[in-house]
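These notes are about the structure you will find just below.
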Amino acid sequence: MLLILPLNPVPASRPRVARNGRVFYAKTYRDFKRQADHVVPTAMIEQGLEGCPLTGPLSVDLKFFAKRPKKTILQYPKPDTDNFCKAALDALNGKLFVDDQQVVQLTATKAWAEPEQDGWIEVRVEDY
């Protein structure tokens, strides 16, 4: 099954610890998670994926299309692909599948979206 999420990919940030011991994440990652909590269920309903969350071992293919900045010399988006994957899988936990520990095979690619086009994430899931 294919799920297209109208979310600009954001890399998962490392947890930081304040002096008082409180753990926090970077603002961009917190905002991404908050936005994903609304976008993922809506996209699943619109794309006819109501029979979720999936159970059992899964094979997941992720394609990230990041919004292109007005000027860049980079051929590909800078954040590491594995950090994009972590953020996307966390956003899908409990929605598309029960837990991301079910993912036994993972492939991922990243690219720039076309100029002036917002970013998105394509998620293809199959039973393993």
Side-chain angles (χ1 to χ4, degrees):
M1 75 178 58
L2 175 66
L3 176 64
I4 298 173
L5 301 173
L7 289 168
N8 191 45
V10 170
S13 69
R14 290 190 176 114
R16 306 286 187 209
V17 180
R19 290 182 183 170
N20 63 8
R22 188 179 64 87
V23 176
F24 64 96
Y25 293 88
K27 183 178 180 341
T28 55
Y29 182 56
R30 284 193 321 260
D31 292 346
F32 173 82
K33 286 178 68 171
R34 212 172 288 123
Q35 185 182 11
D37 285 342
H38 298 292
V39 170
V40 172
T42 303
M44 288 174 61
I45 290 169
E46 289 173 355
Q47 296 172 42
L49 301 175
E50 290 90 7
C52 294
L54 301 171
T55 58
L58 301 171
S59 173
V60 178
D61 178 34
L62 298 170
K63 293 183 181 178
F64 301 98
F65 297 91
K67 183 172 176 70
R68 181 185 293 270
K70 291 187 183 208
K71 292 185 179 184
T72 183
I73 60 170
L74 299 176
Q75 188 175 0
Y76 299 101
K78 187 172 182 177
D80 295 347
T81 306
D82 62 322
N83 291 333
F84 277 150
C85 291
K86 178 68 176 150
L89 293 175
D90 286 346
L92 296 169
N93 267 347
K95 298 173 186 78
L96 185 60
F97 39 75
V98 177
D99 190 66
D100 58 359
Q101 73 178 8
Q102 295 170 245
V103 178
V104 295
Q105 182 177 358
L106 177 67
T107 57
T109 57
K110 65 180 181 177
W112 291 118
E114 293 298 319
E116 305 301 320
Q117 189 175 19
D118 288 335
W120 73 94
I121 302 170
E122 292 181 7
V123 183
R124 185 174 303 277
V125 180
E126 297 175 3
D127 289 332
Y128 183 76

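Atoms considered below: every heavy atom in the structure, side chains included; atoms not considered: hydrogens, waters and symmetry mates.
By the 6.0 Å contact criterion, NZ on K95 is enclosed, its count of non-hydrogen atoms from other residues, nucleotides or ligands being greater than 12. Dense packing is recorded around CZ of F24, with more than 12 heavy atoms of other residues, nucleotides or ligands lying under 6.0 Å away.
Within the model, atoms OG of S13 and CZ of R30 stand 8.5 Å from one another, a figure rounded to the nearest 0.5 Å. Once rounded to the nearest 0.5 Å, the distance linking CG of L62 with NZ of K110 reads 13.5 Å.
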**Prompt:** Run the side-chain contact (heavy atoms from CB on, under 4.5 Å) check on T107 and R124 step by step: do they pass?
**Reply:** CA-CA 10 Å; T107 57; R124 185 174 303 277; over 6 Å; no
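Side-chain atoms of L92 and V60, non-hydrogen and from C-beta on, never get closer than 4.5 Å to each other. Here the side chains of F65 and E122 are in contact, with some heavy-atom distance below 4.5 Å. Looking only at side-chain heavy atoms (C-beta outward), F97 and L89 come within less than 4.5 Å of each other. Looking at heavy atoms from C-beta onward, L74 lies in side-chain contact with W112 at the 4.5 angstrom threshold. The closest side-chain heavy-atom distance from L5 to V123 is below 4.5 Å. With a 4.5 Å cut-off on side-chain heavy atoms, D80 and P11 do not count as touching. In this structure, the side chains of D118 and N8 stay at 4.5 Å or more apart for every pair of heavy atoms.
The shortest non-hydrogen separation linking Q47 to L2 is OE1-O, 3.6 Å. Taking every heavy atom of both residues into account, F64 and A88 meet most closely at CE2-CB, 3.8 Å. Among all heavy-atom pairs drawn from Q117 and K67, the shortest one is O-CG, 3.8 Å. W120 approaches I4 most closely through the heavy-atom pair CD1-CG2, 3.9 Å. Residue A36 comes nearest to P41 through the heavy atom pair O-CD, 3.9 Å, listed as atom of the first residue, atom of the second, then distance. The shortest non-hydrogen separation linking Q102 to L54 is NE2-O, 3.1 Å.
Not a single donor-acceptor pair under 3.5 Å links the side chain of D100 to the backbone N or O of N93.
Using a 4.0 Å cut-off between a side-chain N of Lys or Arg and a carboxylate O of Asp or Glu, R34 and D37 do not qualify as a salt bridge. Ion pairing between a basic and an acidic side chain is recognised when a charged N comes within 4.0 Å of a carboxylate O; K86 and D90 show such pairing.
Cluster membership check: V39 shares its hydrophobic cluster with I121, using side-chain heavy-atom separations under 4.5 Å among Ile, Leu, Val, Met, Phe, Trp and Tyr. One hydrophobic cluster, built from ILVMFWY side chains closer than 4.5 Å, holds both M1 and L58. Under the 4.5 Å side-chain heavy-atom criterion for ILVMFWY residues, a single connected hydrophobic cluster contains both L3 and L106. Residue L96 is grouped with residue V103 when hydrophobic side chains (ILVMFWY) are merged at heavy-atom distances under 4.5 angstrom, including chains of intermediate members.
Checked against ring pair (Phe, Tyr, Trp, His ring centres under 6.0 Å), Y25 has the following partners two or more places apart in sequence or in another chain: Y29. Taking R14 as the reference, R16 meet the side-chain contact (heavy atoms from CB on, under 4.5 Å) condition, with sequence neighbours excluded.
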